There are 2 protein chains.
Amino acid sequence: MNNKKVPEGTISRIFIYLREITELVKLNIHTISSAELGERTNLSDAQVRKDLGYFGQFGVSGAGYNTQELKTALEKILGKDRAWNVAVVGAGHLGSALLTYPGFKERGLDIVAAFDSDSRKVGKQMKEITVQPLEELPRVIQQKKVSIGIIAVPAKEAQGVTDMLVKLGVGCILNFAPTSLNVPDNVKVKDVDLSRELETLSYFLVNKKAQYA
Amino acid sequence: MNNKKVPEGTISRIFIYLREITELVKLNIHTISSAELGERTNLSDAQVRKDLGYFGQFGVSGAGYNTQELKTALEKILGKDRAWNVAVVGAGHLGSALLTYPGFKERGLDIVAAFDSDSRKVGKQMKEITVQPLEELPRVIQQKKVSIGIIAVPAKEAQGVTDMLVKLGVGCILNFAPTSLNVPDNVKVKDVDLSRELETLSYFLVNKKAQYA
DNA sequence: CAGAGTTTGTGCCAATTTTCACAAAGTATA
DNA sequence: TATACTTTGTGAAAATTGGCACAAACTCTG
Ligand SMILES: NC(=O)c1ccc[n+]([C@@H]2O[C@H](COP(=O)([O-])OP(=O)(O)OC[C@H]3O[C@@H](n4cnc5c(N)ncnc54)[C@H](O)[C@@H]3O)[C@@H](O)[C@H]2O)c1
Ligand SMILES: NC(=O)c1ccc[n+]([C@@H]2O[C@H](COP(=O)([O-])OP(=O)(O)OC[C@H]3O[C@@H](n4cnc5c(N)ncnc54)[C@H](O)[C@@H]3O)[C@@H](O)[C@H]2O)c1
């Protein structure tokens with residue numbers, strides 16, 4: 001264990017390990033080595049050990065990691081021993097897909113509200129959630145103690161919606177709109193720009209020959 | 001200009017610059033400095049210059065960059081002077097959202113086919129695309145010269161579908177399934193794990209106090 | 001319980017990426 | 001045209017990140 005800053009990549013990978021470990025516990029596998037865990041996650045054994053090392057010492061030399069213990073420890077550290085309340089703004093194609101996805105709840109991410117400015121969308125029921133008008137946003141966000149917001153509105157609406165959320169104390173935002181959001185330093189934004197992901201892949205194709213020349 | 005390997009992050013950011021520059025051209029703004037471009041994209045001026053520097057010299061000292069020229073140059077370099085054929089496998093909630101999204105085509109990413117193993121989904125029309133049965137995949141992928149595949153099937157189906165695509169010569173894959181895919185070295189996979197993105201954000205909340213302590 | 005084998009945790013090094021900083025090259029003005 | 005100002009392009013420094021390698025810690029077997 002050390003006090004050094006944990007790299008962003010490590011945090012992301014830790015959740016991969018946790019996902020795998022959870023699977024192993026279900027399969028009644030009690031022990032796993034960093035090498036095996038790396039194999040299953042397409043990462044190196046050294047990477048696995050180094051990543052876990054940021055959070056503590058969980059392993060046993062010569063034996064590996066106890067899956068149940070590691071699972072419990074990681075869940076505690078990562079804040080997975082509680083659920084997080086999430087709100088989706090924009091109940092269009094993408095917003096709807098997110099609202100109906102059961103995988104979030106399974107992982108402690110509880111979508112508790114959805115908003116849309118279009119009256120035709122308002123009132124729609126999706127799973128347990130009813131789409132509410134944008135006017136309700138301030139009240140509901142505070143009442144339901146939402147700490148994570150998802151932006152699924154068109155790009156030119158994104159900054160405005162973001163400002164509302166930030167003002168209400170939402171601490172982080174997952175942004176699907178292809179635009180750069182401005183937020184204060186204490187708010188964390190994660191962009192998911194799908195066009196850009198595909199474009200980056202296409203660039204790989206453009207330069208494939210070069211790479212292997 | 002140099003022959004050095006271009007960092008992945010640079011490639012991703014270059015598309016951000018291009019998006020912004022395209023906007024500027026539309027707004028009839030003819031010139032922009034690295035500082036201004038950085039401002040608009042939440043990146044540093046040095047980062048902007050260094051990134052562009054991997055691809056050539058586009059600026060004019062004392063003046064900045066000509067937006068139209070930079071746009072044309074970047075589009076050429078990035079392979080945006082042509083379109084890429086994309087196929088979506090899995091026409092469920094997420095797949096449908098992707099199929100109806102007009103933003104891809106605008107950026108030269110042409111979804112030309114969609115497949116689903118569920119007969120209830122097959123035949124559905126979404127924009128110009130009709131969902132086809134999985135059996136048609138090999139024929140269609142080759143006929144339509146698909147070079148990018150999008151995996152939007154459940155996690156346990158993902159590897160099987162991936163293997164099919166890889167076998168047919170698809171060069172890169174955007175994977176939405178929360179699982180680690182195994183592919184040969186010459187195939188590029190980009191994972192979009194939305195649960196993990198949200199989890200990573202929640203970790204930020206857990207450690208927010210610590211960060212500012 | 002001794003000796004062989006396994007696996008962790010981590011210091012150190014290598015590679016990559018970002019930031020700094022400034023000479024060189026331009027613009028603008030009068 | 002000269003002078004002041006602006007901005008680029010890029011080496012060199014700093015920071016971050018990933019991989020190696022091995023002592024130490026533990027297990028397993030006979
Ligand atoms: N659908 C995709 O596959 C896809 C892919 C990449 C990026 N995106 C991005 O994700 C975002 C959403 O995409 P989508 O396909 O769901 O679009 P969509 O048009 O289907 O849905 C957007 C929704 O936002 C609502 N809205 C508009 N302004 C609003 C506001 N100010 N407050 C609240 N709601 C508002 C609209 O009424 C609509 O229901 C867009 O920014 C888009 O560029 C989507
Ligand atoms: N919807 C979301 O918001 C969301 C969020 C995070 C991750 N994901 C992931 O994205 C993937 C798709 O999610 P979804 O919500 O669209 O699920 P979904 O169940 O709505 O759609 C999956 C589709 O894949 C089809 N399918 C199943 N096996 C197939 C196969 N072998 N070949 C072709 N098609 C097959 C199904 O018939 C179904 O239509 C899943 O892996 C999910 O975990 C989705």
Side-chain angles (χ1 to χ4, degrees), chain A residues 1-17 20-21 24 29-71 73-74 77 200 203-204 207 211, chain B residues 1-17 20-21 24 29-67 69-71 73-74 77 180 185 200 211:
Chain A
M1 176 103 73
N2 52 47
N3 292 354
K4 279 179 55 186
K5 191 182 144 291
V6 182
E8 187 104 358
T10 292
I11 296 166
S12 187
R13 284 189 299 272
I14 287 280
F15 286 102
I16 301 182
Y17 306 143
E20 200 59 41
I21 296 282
L24 293 171
I29 295 171
H30 297 290
T31 271
I32 193 162
S33 67
S34 57
E36 287 174 90
L37 188 50
E39 182 99 2
R40 283 168 170 270
T41 53
N42 289 329
L43 296 160
S44 74
D45 58 331
Q47 181 85 76
V48 171
R49 291 198 301 277
K50 170 102 4 156
D51 284 339
L52 294 175
Y54 282 103
F55 296 97
Q57 304 187 171
F58 307 104
V60 178
S61 297
Y65 301 87
N66 178 300
T67 53
Q68 181 58 64
E69 271 174 31
L70 185 54
K71 176 168 182 279
L74 289 181
I77 291 164
T200 306
Y203 177 79
F204 169 81
N207 286 63
Q211 194 178 50
Chain B
M1 177 104 72
N2 52 47
N3 292 353
K4 278 177 55 186
K5 193 182 144 290
V6 182
E8 185 105 356
T10 293
I11 296 166
S12 187
R13 285 189 299 271
I14 287 280
F15 286 103
I16 301 182
Y17 306 143
E20 201 59 42
I21 295 283
L24 293 171
I29 295 171
H30 297 291
T31 271
I32 192 160
S33 68
S34 58
E36 287 175 90
L37 188 50
E39 182 100 2
R40 283 168 171 272
T41 53
N42 291 326
L43 295 160
S44 73
D45 59 331
Q47 181 86 79
V48 171
R49 291 197 301 279
K50 174 76 52 157
D51 283 340
L52 294 175
Y54 282 103
F55 297 97
Q57 303 187 172
F58 307 104
V60 178
S61 297
Y65 302 87
N66 177 300
T67 53
E69 271 174 30
L70 184 54
K71 175 167 182 280
L74 289 182
I77 290 164
S180 305
D185 280 351
T200 306
Q211 193 177 48

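The analysis underlying the following values was restricted to heavy atoms, covering all of them including side chains, and did not include hydrogens, waters or symmetry mates. What you see is a predicted model, and the numbers here were worked out from it, not measured in a lab. Letters go in sequence order (proteins before strands), and every chain restarts at 1.
One interatomic measurement links the two molecules: CD of B:Glu8 to P of C:dT16, which rounds to 13 Å at whole-angstrom precision. Nucleotide D:dT27 holds its P atom 17 Å from the NE2 atom of A:His30, rounded to whole Å. If you measure from atom CG of B:Asp45 to atom C1' of D:dG9, you get 12 Å, rounded to the nearest angstrom. D:dA24 atom P lies 15 Å from atom CD of A:Gln57, rounded to whole Å. Rounded to a whole Å, the CZ atom of B:Phe58 is 18 Å from the C1' atom of C:dG26. Straight-line distance from the NZ atom of B:Lys5 to the C1' atom of C:dT17: 10 Å, rounded to whole Å. Going from atom CG of B:Leu70 over to atom P of D:dT8 covers 11 Å, rounded to whole Å. Put simply, CZ on A:Phe55 is 14 Å from P on C:dT10, counting in whole angstrom units.
Residues that satisfy the side chain to side chain donor-acceptor pair (under 3.5 Å) test with A:Glu8, not counting sequence neighbours, are A:Lys188. Among residues two or more places apart in sequence or in another chain, the side chain to side chain donor-acceptor pair (under 3.5 Å) test is passed with B:Ser33 by B:Glu36. The salt bridge (charged side-chain N to carboxylate O under 4.0 Å, His left out) search around B:Glu20 returns B:Arg40, not counting sequence neighbours. Under the rule for a side-chain contact (heavy atoms from CB on, under 4.5 Å), the partners of A:Ser12 that lie at least two apart in sequence or sit in another chain are B:Arg196, B:Thr200. Remark: A:Lys71 engages A:Glu75 in a salt bridge (charged side-chain N to carboxylate O under 4.0 Å, His left out) (not counting sequence neighbours). Judged as a side chain to side chain donor-acceptor pair (under 3.5 Å), and not counting sequence neighbours, B:Ser44 has no contacts.
For the pair B:Leu52 and B:Leu70, the minimum side-chain heavy-atom distance is below 4.5 Å. Side-chain contact between B:Val60 and B:Thr31: absent, with no pair of heavy atoms (C-beta onward) separated by less than 4.5 Å.
When each of D:dT27, C:dG9, D:dG9 is scored by its nearest atom to the side-chain atoms of A:Ala63, the top-ranked nucleotide is D:dT27. Picking from D:dT10, C:dT8, D:dT27 the nucleotide with the shortest atom distance to the side chain of A:Tyr65 gives C:dT8.
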Between protein and nucleotides 18-24 of chain C, what N or O pairs are separated by less than 3.5 Å?
| unit_1 | atom_1 | unit_2 | atom_2 | d |
| --- | --- | --- | --- | --- |
| C:dT18 | OP1 | B:Arg13 | NH1 | 3.1 |
| C:dT18 | OP2 | B:Arg13 | NH2 | 3.0 |
| C:dT19 | OP2 | B:Gln47 | OE1 | 3.3 |
| C:dT19 | O4 | B:Lys50 | NZ | 3.3 |
| C:dA21 | N6 | B:Arg49 | NH2 | 3.4 |

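Legend: side chain to side chain donor-acceptor pair (under 3.5 Å) pairs involving residues 59-69 of chain A, not counting sequence neighbours, sorted by first then second residue: A:Gln68-A:Thr72.
DNA chain C lies under 4.0 Å from no heavy atom of any residue of residues 33-42 of chain B.
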